[in-house]
Amino acid sequence: MVLAGTLLAACSTTQVQTPRTATTVPLHDAMIFPPPGGPAMISVVETNFANAVRQEIALASNARTPGENHVTITRFLTRGGDGNFGELGDPVADNEDLYTQASAAFPDVSMMVSPFYVQNYYGPFGYAVGGAPTGDKCVYARQRIEPEAATTGRVTRGSVVIRLQLCDRDASERALLDMMFNMRLRDPVFQPWRASPIIGAPGAIILPQTGSGFQNVLDLPEAQPRGTTSPAPVVQAPAPTPVATTPTPVPQPTGPLVPLPGGGTIGGGTTTDSTVVVPAPPGSS
């Protein structure tokens, strides 16, 4: 009897986890509206937890990189749990977790976490970008929309966590990120509200943009492959060839030789006696 009582006490403190069944739901029951122009939704698989509802939304793919393009959205009905009693946790991840998750989503792609601050209509989000060996561009984005609570502390709306995994062979970074910038959440997942210009607050889109236009992460210097370039050799110009100059000959004076008093010569003549060369008058012989 003592043993049986001990076993019953142990069982009373252990919660049996109920297996969660994933079911396919119609596309019109998806929690998101994709932006105009796609990518199109293919299927929606929904799983119910004790404190949340999760949907895996498969997207149309135009990529050669292995892996499925999809959006995972989790809507918490209450607060996040600790993993017991069939509840989901709701951790606040940092950039290190974002890199780990992006690398796990695309094992064959070298992912780089974006240093830019961006936000969509629901608040800020983080993302990583990589170029696949197949030539595709891949984006992994994650957003956690903060929960709301009443003054009494009761949760009026749980947090919403969105994760995007998307590759494409032709699309640019901007086109891939449009899925996050322009997606809409279906009511009652998130009640619509008016736009707000406050940085960090929901309602305004902030793009990774500079004065020259949209800034691609893969164009940053730190995203370039290392060790593949070498400094250009310094080419020295050849020394200029000296130009030989021929001195202009001095014309030798002509005329009769006149001796100098006291000896010596003047006038640059070539004679050695004490004479000087006097030019002949014009017209004389």
Side-chain angles (χ1 to χ4, degrees), residues 6-34 41 43-59 67-105 113 119-128 140-166 179-180 183-193 200-202:
T6 303
L7 292 176
L8 288 175
C11 292
S12 64
T13 59
T14 303
Q15 176 68 27
V16 178
Q17 298 292 330
T18 303
R20 300 293 165 181
T21 303
T23 58
T24 301
V25 298
L27 295 180
H28 59 74
D29 287 337
M31 296 184 190
I32 67 169
F33 293 103
M41 296 188 300
S43 63
V44 181
V45 177
E46 184 174 282
T47 306
N48 293 307
F49 297 87
N51 64 335
V53 178
R54 173 179 291 169
Q55 285 187 350
E56 296 277 351
I57 304 172
L59 303 174
E68 183 183 43
N69 289 349
H70 65 271
V71 173
T72 302
I73 177 169
T74 304
R75 175 195 175 198
F76 284 88
L77 307 176
T78 58
R79 301 181 187 275
D82 57 3
N84 293 324
F85 308 106
E87 294 182 342
L88 283 181
D90 183 23
V92 179
D94 54 18
N95 283 340
E96 182 178 357
D97 293 327
L98 177 60
Y99 174 77
T100 302
Q101 294 170 8
S103 298
V113 176
Q119 69 178 48
N120 56 15
Y121 290 100
Y122 305 99
F125 67 90
Y127 67 97
Y140 181 89
R142 183 192 60 207
Q143 181 174 25
R144 180 180 182 270
I145 305 172
E146 296 289 336
E148 291 182 351
T151 55
T152 59
R154 182 181 65 87
V155 175
T156 56
R157 177 185 56 78
S159 63
V160 180
V161 180
I162 305 170
R163 303 177 192 272
L164 170 68
Q165 179 176 325
L166 186 61
M179 184 67 184
M180 290 295 293
M183 76 164 56
R184 297 293 186 273
L185 300 182
R186 189 182 300 273
D187 181 33
V189 177
F190 197 94
Q191 296 289 340
W193 53 16

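With sequence neighbours excluded, no residue satisfies ring pair (Phe, Tyr, Trp, His ring centres under 6.0 Å) with Phe49. Remark: Asn48 engages Glu46, Val53 in a side-chain contact (heavy atoms from CB on, under 4.5 Å) (not counting sequence neighbours). Residues passing the salt bridge (charged side-chain N to carboxylate O under 4.0 Å, His left out) test with Glu56: none are found, sequence neighbours excluded. In this view, Ala104 satisfies the side-chain contact (heavy atoms from CB on, under 4.5 Å) rule with no residue, not counting sequence neighbours. For Arg184, the side-chain hydrogen bond (donor to acceptor under 3.5 Å, both in side chains) criterion is met by Tyr121, not counting sequence neighbours. Every side-chain hydrogen bond (donor to acceptor under 3.5 Å, both in side chains) that Glu146 has, sequence neighbours left out, goes to Arg144. With sequence neighbours left out, Asn120 forms a side-chain hydrogen bond (donor to acceptor under 3.5 Å, both in side chains) with Gln143. Among residues two or more places apart in sequence or in another chain, the side-chain contact (heavy atoms from CB on, under 4.5 Å) test is passed with Thr24 by Val45. For Pro91, the side-chain contact (heavy atoms from CB on, under 4.5 Å) test picks out no residue, with sequence neighbours left out. Evaluation of the salt bridge (charged side-chain N to carboxylate O under 4.0 Å, His left out) rule for Arg75 yields no partner, not counting sequence neighbours.
To the nearest 0.5 Å, atom CZ of residue Arg186 and atom CD1 of residue Ile73 are 10.5 Å apart. Taking CG from Leu59 and CG from Leu164, the interatomic distance works out to 7.0 Å, rounded to the nearest 0.5 Å. If you take CZ on Arg163 and OG1 on Thr72, they are separated by 7.5 Å, rounding to the nearest 0.5 Å.
Shown here for Met41 and Ala30, the closest heavy-atom pair between the two residues is SD-CB, 3.8 Å. Minimum interatomic distance between Ala22 and Thr47 (heavy atoms only, all atoms of both residues): CB-OG1, 3.5 Å.
For the pair Leu77/Asn51, no side-chain contact is recorded, criterion being any heavy-atom separation below 4.5 Å from C-beta on. Between Ile162 and Leu185, some side-chain heavy-atom pair lies under the 4.5 Å cut-off.
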